[in-house]
Amino acid sequence: MEKLGVEVETKKPKAKETGLQELPGTHENIVLRFAPNPSGPLHIGHSRAAVPNAEYVKRHNGKLILRIEDTDPKRVYEPAYEMIPEDLEWLGVKADEIIYQSDRFEIYYDIARQLIEKGAAYMCTCDGATFKELKDNCKPCPCRDNSVEENLELWEKFDTMQAGEAVLRVKTDINHKNPAIRDWVAMRLEDAEHPRLGTKYRIYPMMNFSVSVDDHLMGLTHVLRGKDHLANTEKQKYLYDHMGWDVPEYIHYGRLKMEDIALSTSKAKEGIEDGTYSGWDDPRLGTLRAIARRGIQAKTIYDLIIEIGVKMADSAISWKKIYGQNRNFLEPIANRYFFCENPQKITVEGYTEGRVDIERPLHADHMDRGNRVLPFDGEVYLAQSDIKDGMFRLMDAVNVDINGEEITYHSTSFEDARAVKARIIQWVPLEDNVNVKIVMDDASIKTGIGEGALKNLEVGDIVQFERVGFARLDEIADDELIFYFAHK
RNA sequence: GCUCCGGUGGUGUAGUCCGGCCAAUCAUUUCGGCCUUUCGAGCCGAAGACUCGGGUUCGAAUCCCGGCCGGAGCACCA
């Protein structure tokens, strides 16, 4: 007992220091953002970005902006505009404001013009290959020497040019030791139709440009992003310098590798279109909606991401870890039921006690939830895989000997079963049951039968099928219940 | 190739900034035990790591140098 008291005491301070390192810079009025590209619904990788942002905002009472980065019409998947907020809500991430970059083109144009006027950006009419050749050798391209007037004139005509004919470049350092940093593109021409803008604009900002402008204008105090943006951060700082803006605090985190599912959004989309996957919530996908459908709790993902934190080292998260954590959440909430896969109807020969109602608690640790009642009269369904020679105890009912096809009554007392360490197996009554299908994590299906009490469940309920595992009720069909399997 | 960034048990982390309190934390995992009834759950217990080599120091997971391994970026994508 004493131990318990001590444990509670020492646990408190521990919970406080979880995961996230303290934010550098100011903690007052922080403004953070989550800025996905709307190419599909959110997957586990997105939570890597969304969760720490949300958590910092929560801890410091700051502001979180959801900024939809839809400046590449070719990569916009229209339903994603709806799906992203839904996914965030599930995750428990609450944005204070939602902004679409596609609403902000005039702002980008305005800043672009200012840059040109400052001589900090120039219209470049070189073709890509030529520019790269020069740039890689620390040579400025001829356009770099254009006068402000010439640039302004070209800028005005930009809209009338052919896609690919010119771009707007931000001046950096043509001798920068990393060629990637040298004079990057800020604006390009794009003829593809945009889902929200149609063909209203042809001049599109590049990510590095729109991101810098927005981060500044929206008052971001800290920018959290993957270390794949390290070079972009350096590029963007040149723009801040040109404009005389203060640079926010940048924090870069490592890559998150997800065991098994290396599935990119574009691959998933292909698979859905060709019928390989049933949809964005196919159990094989790593989307948040697929994970949710399987009964993985948002808190499991959220906590795991916080635990991983924002350090630069890469990390790999395993399903084992997710399942283990999730089980801790599910264990107390999931009521227990019997399910038999590939049910075999059997008769217990020699059983003469007649019909009895077997009562078994919905959850052994929560007796207040009551019992379920299973009528037993010597005839039951067993899972095919459980029918093996030997002595078994039908849970809470009787002990039987199985010998090939023959199943005979042995005894009723539990002690007899214990004495021989008989395996205790679940069963389903003949007269009160329901067809059950369980969709597994690899999309295969377990077909079987479950006890009648399952009929009281509602979609979304999570149960534990004893000796099978945890599953979430996904659909109540006319003649069967369809579950999605979470884990053991 | 060039530029940059990492490296604590199987996995994720704490500790690294400001060397000793670290024979290294917690979780997951694996294994074992327990259980008047899930030996696929639960409960209890155990196992398992500082990338390597030098250096500095009385003392290094922590500081320095080098190697090895891993990752990212090098677009008119985000």
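A note on names: the letters A, B, ... follow the listed sequences, proteins ahead of strands, and every chain is numbered from 1.
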Q) Which of parallel (below 30°), tilted (30 to 60°) and perpendicular (above 60°) describes A/Trp155 and A/Phe158? A) tilted

Q: Describe, in one word, how the ring planes of A/His176 and A/Tyr238 are oriented to each other, choosing from parallel (under 30°), tilted (30 to 60°) and perpendicular (over 60°).
A: perpendicular

Q: Assign a letter to each nucleotide of nucleotides 28-36 of chain B from its 5' end: B, base within under 4.0 Å of a protein heavy atom; S, sugar-phosphate only; -, no contact.
A: SS-----SS

Q) How are the rings of A/Tyr109 and A/Phe105 set to each other: parallel, tilted or perpendicular (split at 30° and 60°)? A) perpendicular

Q. Can you list the stems that include RNA chain B, where a stem is three or more consecutive Watson-Crick or G-U pairs with distances under 3.5 Å?
A. B:1-7 with B:68-74, B:10-12 with B:26-28, B:29-34 with B:42-47, B:51-55 with B:63-67

**Q.** Lys/Arg cation over aromatic A/Phe131: A/Arg169, 6.0 Å, 45° cone
**A.** yes

Q. So what does A/Gln464 touch, heavy atoms closer than 4.0 Å: a base, only the sugar-phosphate, or nothing?
A. base

Q.
Check this one for me: any side-chain N or O of A/Lys311 less than 4.0 Å away from OP1 or OP2 of B/rU13?
A. yes

(Q) Can you build the contact string for nucleotides 73-78 of chain B? Use B for base contact, S for sugar-phosphate-only contact, and - for no protein heavy atom under 4.0 Å. (A) SSSBBB

Q.
Rounding to an integer number of angstrom, what distance separates B/rA61 and B/rC77 when you compare their C1' atoms?
A. 41 Å

Table of protein N/O atoms under 3.5 Å from nucleotides 17-19 of chain B N/O atoms:
none

Q: Not counting sequence neighbours, which residues clear side-chain contact (heavy atoms from CB on, under 4.5 Å) with A/Pro375? List them please.
A: A/Arg355, A/Asp357, A/Pro429, A/Glu431, A/Asp432

Q: Establish, for the pair A/Arg294 and A/Phe483, whether the NZ or CZ atom is under 6.0 angstrom from the six-membered ring centre and no further than 45 degrees off its axis.
A: no

Q. What are the residues of residues 360-369 of chain A, sorted by number, that bring a heavy atom to within less than 4.0 Å of RNA chain B?
A. A/Arg360

Q. Is it true that A/Asp183 and A/Arg144 have a side-chain N and a carboxylate O under 4.0 angstrom from each other?
A. yes

Q: Give one of base, sugar-phosphate or nothing for A/Asp314, where a contact means two heavy atoms less than 4.0 Å apart.
A: sugar-phosphate

Q: Quick one: label A/Lys488 by what it contacts on the DNA or RNA (base, sugar-phosphate, nothing), any heavy atom closer than 4.0 Å.
A: base

(Q) Is it the case that the base of B/rG12 and the side chain of A/Glu307 share a donor-acceptor contact (distance under 3.5 Å, atom types as modelled)? (A) yes

Q: Measure up the A/Tyr240 and A/His216 rings against each other and bin them: parallel (under 30°), tilted (30 to 60°), perpendicular (over 60°).
A: perpendicular

